[in-house]
Amino acid sequence: MEIMGDTGTNFIHEIIEEDIRTNKYGKKVHTRFPPEPNGYLHIGHAKAICIDFGTAEKYGGKCNLRFDDTNPSKEDVEYVEAIKEDVKWLGFKWDGLYYASDYFDIMYECAVKLIKKGLAYVCDLSPDEIREYRGTLTEPGKESPYRNRSVEENLDLFERMKNGEFPDGSRVLRAKIDMASPNMNMRDPVLYRILRATHHRTGDKWCIYPMYDFAHPIEDCIEGITHSLCSLEFEDHRPLYDWVVNNVDLGSKPRQIEFARLNLTYTLMSKRKLLQLVNEGIVSGWNDPRMPTLSGLRRRGYTPASIRNFCEKIGVAKTNSVVDYALLEHCIREDLNKNAKRVMAVIRPLKVVIENYPEDKTEWFDIENNPENPEMGTRKVPFSRVIYIEKDDFMEDPPKKFFRLAPGREVRLKGAYIIKCEQVVKDEQTGEIIELRCTYDPESKGGNAPDGRKVKGTLHWVSAAHAIDAEVRLYDHLFTVPNPEDESEGKTFKDYLNPNSLEVLKNCKLEPELYCAAPGSRYQFLRLGYFCVDTVDTKENHLVFNRTVSLKDTWAKIASKE
RNA sequence: UGCGGGAUUGUGUAAGGGUAGCACGAGUGACUCUGGAUCACUUUGUCUGGGUUCGAAUCCUAGUCCCGCAGCCA
């Protein structure tokens, strides 16, 4: 199934098409998405996933999901399960499911091979000494005194590293390349370190673990990856990637291509910082609806299609960039506008009594479920003498462009009647408006004025007698500034946290249609936005809705200018 | 004063010697029983200086600015 549809083209596709033309890989395309299971996937990973899987799909190739689990001290099964779920949810099916840890034996053999070729050695320098010997960006490094050990000694020492004869951190296996290389990565990079940590898959079998730069190219070779797509910061590592591929000689020569990571305004993409938000309780968890994680976006109400579409729209290039969050919002609105059922909900209720409407009467009006899509049909909505409207939809002393309800003014109740505000009832103590007394025009049934008089405003409403209660959670950006990672003013991202990123409204009034709304289901609350039934906190008698995104609000714009 | 990348409107991304286009945002208007949606229109851009050419975002040249790299992280 084509999940990405027509993806246009980009510089990666051009390279691949050239490789296909020249028959470099037998016209095959095989990519992989290689997350480290040390955190949850976020929207930035979604970009990578769409590129990795989408590219394979475009050329009729394959794409593996591979866990790059070479550092047991940071990894956990919790993350691998979450990652699998997120990739599936996004809509992708992997061809092979692999783990770098499946290849530990092969990697060990590769290391032995390098030693035998005289291309790797065991080094006894301490971490501090290694750093010292590495030199700086402008000065070459010095060769380790252990650099010229014999093959036999290296073989012996490396085996004993594996056997656990040496303490953590006491020795490493290093590639013998060039301590004077202008590329720091080539200054005898560490290939293996001693690390006693229980691995989530291999348990305590190993006490030495390969480093990324050594492991990754081997993983790609073993799986027959043709194009190894990764982010820009690995550009400098490509010579080392190629060095390993060439010297380890596993029969295939994958090609690494780098593209720019996704950055989004008003949010963070650093796994470390996201973890900090979780650990410090700043958010409720990885799946907090304010998080840019896939689990957060899912809980918030984003659809997989909207995220894929977003990833398609942002493009692929090598320029560092920051995408406007508004584009993501556009993508979810676009999807939900077409597909979400309309429903009426009053989140800040103001009681309205229609004085000339019979006390014991209820009428059921047919209201369309989605004017964009008539096939979605209609539903019955009850109307009676006492209703709720939105507090914001009434002003006692309205400005010119306000065309909602005001004293003496008429307004249409969506699908029901035209009403007129006759009287405002206030709390005697506080002066707060607590109730409106209105009259309705019995001739305007369904909302049409028989005399053709123009009624500009149309409000959503809920019959008080039939309303069901719900909690509604409104979200705003987690951060108050477009780039919370900007620490130039001596601030940290925590200084930019938005104190108003979550607003909880209780006792919201919903039309009865929502009585059996399923967790995870999405609706448009008329005139308010798109909302999704919370999957975590919704209980038998406690409905919770998350606002996915508001509707575009022209009035809010006008009002804010005044 | 090393190495590797990058620079096109507010944002993102096309154009690879031949009218700088698209999307989002912003603005204006139309329409509307959602101030939604839809439709129409508008606005702003090739980092700088030289050069080649009838013609340069594109080729050459000299700069400028930005990002990444000194984990036994990935």
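Residue numbering restarts at 1 for every chain, and letters A, B, ... go by the order of the sequence lines. These numbers were taken from a predicted model, which means no experiment stands behind them.
If you check distances only, the side chain of A/Arg333 never reaches the base of B/G36 with a donor-acceptor pair under 3.5 Å. Side-chain N/O atoms of A/Glu372 and base N/O atoms of B/U38 include no donor-acceptor pair closer than 3.5 Å.
Comparing the same atom, C1', in B/U19 and in B/G50 gives a spacing of 26 Å after rounding to whole Å. Comparing the P positions of B/U38 and B/G25 gives a spacing of 10 Å, expressed to the nearest Å. Taking atom P on both B/A26 and B/U61, the two are 44 Å apart, rounded to the nearest angstrom. Between B/A57 and B/U52, the two P atoms lie 16 Å apart (nearest whole Å). Rounded to whole Å, the C1' atom of B/A23 lies 15 Å from the corresponding atom of B/U8. Nucleotides B/A30 and B/G36 are separated by 16 Å at their C1' atoms, to the nearest Å. The P atoms of B/G45 and B/A62 are separated by 30 Å, rounded to the nearest whole Å. Annotation: B/C47 and B/A74 have their P atoms spaced 38 Å apart (nearest Å).
Contact between the side-chain N/O atoms of A/Thr70 and the OP1/OP2 oxygens of B/A74 is found at a separation under 4.0 Å.
Closest approach to the A/Met211 side chain among B/G27, B/C72, B/U13 is made by B/C72 (side chain taken as heavy atoms from C-beta onward). Side-chain proximity of A/Leu551 to the nucleotides B/A23, B/G36, B/A14 is greatest for B/G36. For A/Arg342, counting side-chain heavy atoms from C-beta on, the closest listed nucleotide (B/G36, B/G71, B/U13) is B/G36.
Stacking annotation: A/Tyr212 is not stacked on the base of B/A74 (requires ring centroids less than 5.5 angstrom apart and an interplanar angle below 30 degrees).
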Dot-bracket assigned to RNA chain B with the 3.5 Å Watson-Crick/G-U criterion, [ ] for crossing and | for other-strand pairs, is .((((((..((((....[..)))).(((((.......)))))....(((((..]....))))))))))).....

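Here the P atom of nucleotide B/C72 and the CZ atom of A/Phe214 are 16 Å apart, to the nearest Å. In this structure, A/Glu312 places its CD atom 15 Å from C1' of B/C24, rounding to the nearest Å. One atom, OH of A/Tyr241, and another, P of B/A74, lie 16 Å apart when rounded to the nearest Å. Following rounding to the nearest Å, A/Glu334 (CD) and B/C24 (P) show an atom-to-atom distance of 8 Å. Distance, A/Asn370 CG to B/U38 P: 12 Å, rounded to whole Å. A straight line from CG of A/Leu336 to P of B/G36 spans 17 Å, rounded to a whole angstrom. Atom pair A/Lys273:NZ and B/C73:P shows a separation of 20 Å (rounding to whole Å applied).
Backbone-only engagement by A/Arg134 is indicated by non-hydrogen atom pairs under 4.0 Å involving sugar-phosphate atoms exclusively. Within 4.0 Å of A/Val322, counting heavy atoms only, lie sugar-phosphate atoms of the nucleic acid but no base atom. Backbone-only contact: A/Ile314 has heavy atoms under 4.0 Å from sugar-phosphate atoms and none from a base. Here A/Glu139 lies out of heavy-atom contact (under 4.0 Å) with every strand. At a threshold of 4.0 angstrom between heavy atoms, the contacts of A/Phe402 include nucleobase atoms, whether or not backbone atoms are also involved. Heavy atoms of A/Phe234 sit under 4.0 angstrom from at least one base atom. Here A/Asp168 lies out of heavy-atom contact (under 4.0 Å) with every strand. Here A/Leu191 lies out of heavy-atom contact (under 4.0 Å) with every strand. When heavy atoms are screened at a 4.0 angstrom cut-off, A/Tyr209 is found touching no nucleic acid atom at all. Residue contacts for A/Leu195: at a heavy-atom cut-off of 4.0 Å it reaches no nucleic acid atom on any strand shown. Heavy atoms of A/Ser321 sit under 4.0 angstrom from primed sugar atoms or phosphate atoms, though from no base atom. Counting non-hydrogen atoms under 4.0 angstrom, A/His237 reaches a base of the nucleic acid. Counting any heavy atom pair closer than 4.0 Å across all strands shown, A/Val172 reaches a base atom. Within the nucleic acid shown, A/Lys456 comes within 4.0 Å of at least one base atom, counting heavy atoms only.
A donor-acceptor pair is defined here as one N or O able to donate and one able to accept, closer than 3.5 Å; such a pair exists between the side chain of A/His199 and the backbone of A/Asp69.
Between A/Lys341 and A/Glu513, at least one side-chain nitrogen of the basic residue sits less than 4.0 Å from a carboxylate oxygen of the acidic one, meeting the salt-bridge criterion. Using a 4.0 Å cut-off between charged nitrogen and carboxylate oxygen, A/Arg453 and A/Asp441 count as a salt-bridge pair. Ion pairing between a basic and an acidic side chain is recognised when a charged N comes within 4.0 Å of a carboxylate O; A/Asp178 and A/Arg187 show no such pairing.
Checking A/Tyr108, A/Tyr241, A/Tyr192 one by one against A/Phe214, the ring pair (Phe, Tyr, Trp, His ring centres under 6.0 Å) holds for a single residue, A/Tyr192.
Ring centroids of A/Tyr266 and A/Tyr325 are separated by 6.0 Å or more, keeping the two rings apart.
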Produce a footprint string for nucleotides 3-9 of chain B: one letter per nucleotide, 5' end first; B if the base is under 4.0 Å from any protein heavy atom, S if only the sugar-phosphate is, - if neither.
SSSSS--

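Residues that satisfy the side-chain hydrogen bond (donor to acceptor under 3.5 Å, both in side chains) test with A/Lys142, not counting sequence neighbours, are absent from this structure.
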